[in-house]
Amino acid sequence: MANKKVIPVRKKAPSPSFDHVRRFVPAAAVLSVILIGGCSSEDESENESVTTEEETETNENEEASEQESAPSSEPATDYGVSAGHPDAVAAGMEVLDNGGNAADAAVAAAYAVSVVEPFASGIGGGGSVLIQKQGEAPQAYDYREVVPEGGIPSSDIGVPGFTAGMNKFHADHGTAEWEELLDPAVTLADSSEVSGLFADQLESGEDRLPVSELSHFYPDGEPLEAGSTVEQDELADTLRDIRDNGSDTLYEGEAGQSLASQIEGIDTASLEAFEVSQNDPSVGTYEGYDIIGAAPPLPGISVIQMLQMLEERDSMEAGRDSTDFIHDTAMSWRLASQFIETDYGDPNFVDVPVDRLTDPERNAELAAEIPDASLISEEEASSYTGDPNTTHITVVDEDGTFVSMTNTLTNFWGSGEYAEGYFLNNQMDRFDIGEGSVNEPEPGRRSVTWSSPMLVANDDGPVLGIGSPGGERIPIMLTQVISDWTVNDASLEEAVETPRFHLDGDELVMEEMPEAQQREELLAIGYEDISEQPTPLYFGSIQALALDQETGELSGARDPRREADWQSSASE
C-alpha cells in the first residue's frame with residue numbers, strides 16, 4: 001500500500017442503537033403496574049416520581065441521540081481549487097464556499113479562466129475531464145473538437161466542444177444552479193485586469209490576429225498593457241446567452257447559426273451532431289497507486305507506461321536530479337511516444353489496446369531495453385511544431401471528490417479566427433500525428449493530442465489531481481512530478497518547483513543546466529547536446545492538489561512558471 005492516503009468519505013451519522021428503543025421500557029413497565037394492581041396515594045406519588053425521572057432521562061437521551069445523528073457541520077476534508085489564473089481560482093472557490101461540489105467549481109473556474117486567458121481556452125475550443133468520488137470508479141469525458149461534416153477546413157478549425165462538455169459534465173455531476181456557475185465569467189468579461197501573460201500574448205500574437213476586429217484588445221492599434229482594464233462586451237453577451245439558455249444555444253440555436261455564418265468550415269449540421277464522448281479512462285498501477293489518465297486518444301497511457309518503466313528500473317533511487325533518473329525518463333519517453341505514433345486513435349472509431357499498453361509486465365520488458373550507457377535509437381517520427389498551449393484545473397470538494405480538467409484552443413489563440421467574442425481552435429492540426437489509419441480524420445472524429453488530465457488513487461480513492469499546459473512535453477513533465485511526489489516523498493510544492501527536462505531528438509532540453517560533471521556524464525551516454533529552454537513558457541504550469549488521509553489537509557503549489565494559483569478552505 002502506498003504511503004499517502006486519503007480520507008475516504010464524510011462520516012455518516014450513526015444509526016440508532018438498540019438502546020434508543022430499550023430506554024422506553026422502564027416507563028412502560030411502571031405504567032403497567034399502576035393499571036393492573038392499583039396503588040396507595042403514597043405508591044402513586046412514588047411511581048409518579050419514578051416516571052418523571054424516567055421521562056426526564058428519556059428526553060435527555062433523545063436529545064443526545066439527535067445530536068449524535070445530526071450531520072456534522074465540519075467538512076470531511078479541506079476543499080480547494082488550483083487553476084492557471086487567480087480569478088479562476090476565486091470563481092471555483094466561491095462555488096465551493098456556497099455549497100457547490102467539485103464538478104460545479106470546475107465548470108465555474110473553466111469559464112472564468114477562458115475570459116482572463118482567452119488565448120488558451122474557451123467556447124471556441126474543447127477539453128477533457130476526469131472525475132472520481134471516494135470509493136467509486138473514475139469517469140472520463142472528452143469534449144474536444146471533432147472533424148466537421150464537410151471535412152477539415154484550411155484553418156484547421158474543428159467543431160468546438162467546450163460548451164457542450166461543460167453542460168454535460170454539470171448535468172451528470174453538478175448540484176449548483178447553472179446560472180450561478182456562469183456569473184463569475186460574465187462579471188470578468190464585463191471588466192477584468194490584464195495580466196502579464198495576457199499582455200505578452202497580445203503582443204506576440206499581434207501578427208496572426210484580426211487586430212482591426214479587436215479594438216478592446218488593441219485600442220488605437222496597440223496591445224493592452226499589463227494592469228490595464230479590459231472590457232469584453234461581445235464575449236459577455238455570448239456568456240449571458242449560454243448562462244440563460246444552456247449549451248443548446250451554440251449547437252441548435254441562434255449562437256450556432258451566427259457562428260456558422262462567420263467561420264468557414266463550421267456548419268449548423270456539424271454543430272447539431274456534436275456529442276460529448278465517454279469512454280473508460282486509462283488506468284495502470286505504479287508503486288501501489290492507480291494512475292488514472294484520460295481515455296485515448298489522449299496520452300495518459302504514455303504517463304502510465306513511463307512510470308511503470310521507471311518503477312522497474314528503480315530510477316528514483318538516486319534522486320530526481322540524478323543522471324540515472326534523467327536518462328531513464330528520457331528513454332522511457334522515447335519508447336512510450338512510439339506507441340502514440342502507431343496505436344493511438346479515437347476509440348469510437350478504432351480499437352486502442354489500452355490493457356496491453358498499460359500492462360506492468362509488458363512495460364517492465366520495455367524497461368529492460370533501456371541501456372545504461374547509450375541511447376535507444378530514435379525511429380523516424382512526426383515533428384510537432386507550433387506554439388502548443390492548454391490550461392488545467394484541479395478541484396477537490398469537501399467530500400474528497402477530485403476533478404482534473406484540461407481545456408485548450410490547441411495553439412495560443414487557436415486558429416486566430418474570432419467570432420462572437422471568442423477565438424476558434426486549430427485542433428484539427430493534430431491529425432498530423434501518427435502513422436497509418438489510427439489517427440485519420442473523418443467527420444465526428446477526435447484527434448490525438450497532448451492534453452493529459454491525471455488522477456492518482458490508492459485503495460480508498462483519489463489522492464492527487466494533476467495536469468499542465470505544455471504541448472508535447474506534458475507527459476514527460478507529469479511523469480517527473482508524479483514520480484517525485486509518490487516515490488521520493490517530496491511535498492507537492494517541491495515536486496512542482498523542481499527543474500524539469502525534456503527529450504527533443506537526441507538533445508536534452510533542461511530548465512536548469514547541470515553541473516559540469518553531470519553534463520559530461522550525459523554527453524558520454526550519447527546525448528548530442530544539453531540546451532536551455534527556448535521560451536519561459538516551455539515547461540508549462542502544473543496545477544495539482546493532493547489530499548492527506550490522516551489530517552484531511554489539502555496541499556497545492558503555485559507553479560512559478562506562469563500566473564497559476566491555488567487556494568483551499570483552510571487558507572481562506
Side-chain angles (χ1 to χ4, degrees), residues 84 110 113-114 117-128 142-165 198 200-202 204-211 213-214 217 235 250 256 259-260 262-267 270-271 274 297-299 340 344-346 382-392 406-434 439-452 469-474 535 537-538 540:
V113 79
S114 76
E117 292 188 345
F119 49 84
S121 66
I123 298 168
S128 59
D142 190 334
Y143 47 92
R144 292 180 304 116
E145 305 87 331
V146 301
V147 178
E149 295 291 317
I152 297 176
S154 59
S155 61
D156 283 326
I157 295 174
V159 182
F162 176 87
T163 301
F198 192 170
D200 289 345
Q201 293 309 313
L202 284 171
S204 63
E206 192 169 359
D207 61 347
R208 53 187 298 264
L209 295 178
V211 172
E213 300 176 35
L214 305 172
F217 290 158
L235 177 59
L250 187 65
L259 177 63
Q262 296 178 65
I263 301 299
E264 183 181 357
I266 299 297
D267 58 90
S270 297
L271 290 166
F274 186 90
L298 296 176
I340 297 175
Y344 284 25
D346 187 334
S382 303
S383 176
Y384 311 115
T385 58
D387 196 7
N389 183 66
T390 66
T391 191
H392 186 80
T406 306
N407 298 314
T408 186
L409 296 177
T410 307
N411 288 358
F412 281 117
W413 304 110
S415 63
E417 295 198 30
Y418 176 84
E420 304 296 325
Y422 56 88
F423 294 86
L424 279 298
N425 68 87
N426 64 324
Q427 177 69 194
M428 301 297 94
D429 174 67
R430 293 296 186 258
F431 279 105
D432 289 344
I433 300 173
N439 191 38
E440 287 294 311
E442 57 183 295
R445 191 163 174 172
R446 292 176 169 87
S447 68
V448 174
T449 192
W450 307 110
S451 299
S452 190
E472 184 188 5
R473 297 169 295 284
I474 293 174
T535 70
L537 304 180
Y538 189 79

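Using a 4.5 Å cut-off on side-chain heavy atoms (C-beta onward), I266 and I157 make contact. A heavy-atom distance below 4.5 Å is found between the side chains of V147 and F431. No side-chain heavy atom of T390 sits less than 4.5 Å from a side-chain heavy atom of T449. Taking 4.5 Å as the limit, some side-chain heavy atom of F198 sits within range of a side-chain heavy atom of P118. At a threshold of 4.5 Å between non-hydrogen side-chain atoms, the residues F412 and D200 do not count as touching.
Between N439 and R430, the shortest heavy-atom distance links the atoms ND2-O, 3.0 Å. Of all the heavy atoms in I123 and P160, the pair that sits closest is O-CB, 3.4 Å. The shortest heavy-atom contact between S128 and L298 is OG-CD1, 3.2 Å. The two residues T391 and S121 make their nearest non-hydrogen contact at CG2-OG, 3.3 Å. Shown here for P153 and P148, the closest heavy-atom pair between the two residues is CD-CG, 4.2 Å. For T408 against N389, the heavy-atom pair with the smallest separation is OG1-O, 2.5 Å.
In this view, D156 satisfies the side-chain hydrogen bond (donor to acceptor under 3.5 Å, both in side chains) rule with no residue, not counting sequence neighbours. Under the salt bridge (charged side-chain N to carboxylate O under 4.0 Å, His left out) criterion, E206 pairs with no residue, sequence neighbours left out. Listed by chain and number, the residues in a ring pair (Phe, Tyr, Trp, His ring centres under 6.0 Å) with Y538 amount to none (sequence neighbours excluded). Every residue two or more places apart in sequence or in another chain that forms a ring pair (Phe, Tyr, Trp, His ring centres under 6.0 Å) with Y418 is listed here: F423. With sequence neighbours excluded, the residues that form a ring pair (Phe, Tyr, Trp, His ring centres under 6.0 Å) with F274 are Y251.
With hydrogens and angles ignored, the 3.5 Å screen pairs no side-chain donor or acceptor of R445 with any backbone N or O of E442. Side-chain atoms of D346 come within 3.5 Å of backbone atoms of R446 as a donor-acceptor pair (strictly under, hydrogens ignored). Side chain of D267 to main chain of S270: a donor-acceptor pair is present (N/O by atom type, distance under 3.5 Å, no hydrogens or angles).
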- Does the side chain to side chain contact (heavy atoms under 4.5 Å, CB included) test come out yes or no for L409 and N426, once each step is laid out? CA-CA 7 Å; L409 296 177; N426 64 324; 5.7 Å; no
- Message: The test is side chain to side chain contact (heavy atoms under 4.5 Å, CB included); show your working for L259 and Y422 and say whether it passes.
- Response: CA-CA 10 Å; L259 177 63; Y422 56 88; 3.5 Å; yes
- List the steps and the verdict of side chain to side chain contact (heavy atoms under 4.5 Å, CB included) for I433 and W450. CA-CA 10 Å; I433 300 173; W450 307 110; 3.9 Å; yes
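Atom-to-atom distance recorded for I152:CD1 and D429:CG is 9.0 Å, nearest 0.5 angstrom. Between the OG atom in S204 and the CG atom in L209 there is a gap of 8.5 Å [rounded to 0.5 Å]. Taken from CD1 in I263 to CG in L424, the straight-line distance is 4.5 Å, to the nearest 0.5 Å.
Two rings, from F217 and F119, have their centers 6.0 Å or more apart.
Residue pairs meeting the side-chain hydrogen bond (donor to acceptor under 3.5 Å, both in side chains) criterion with at least one partner in residues 143-154, sequence neighbours excluded, are D142-R144, Y143-N407, R144-Q427.
The number of heavy atoms from other shown groups lying within 6.0 Å of CD (E264) does not exceed 12.
Side chains of Q201 and E117: no donor on one and acceptor on the other come within 3.5 Å.
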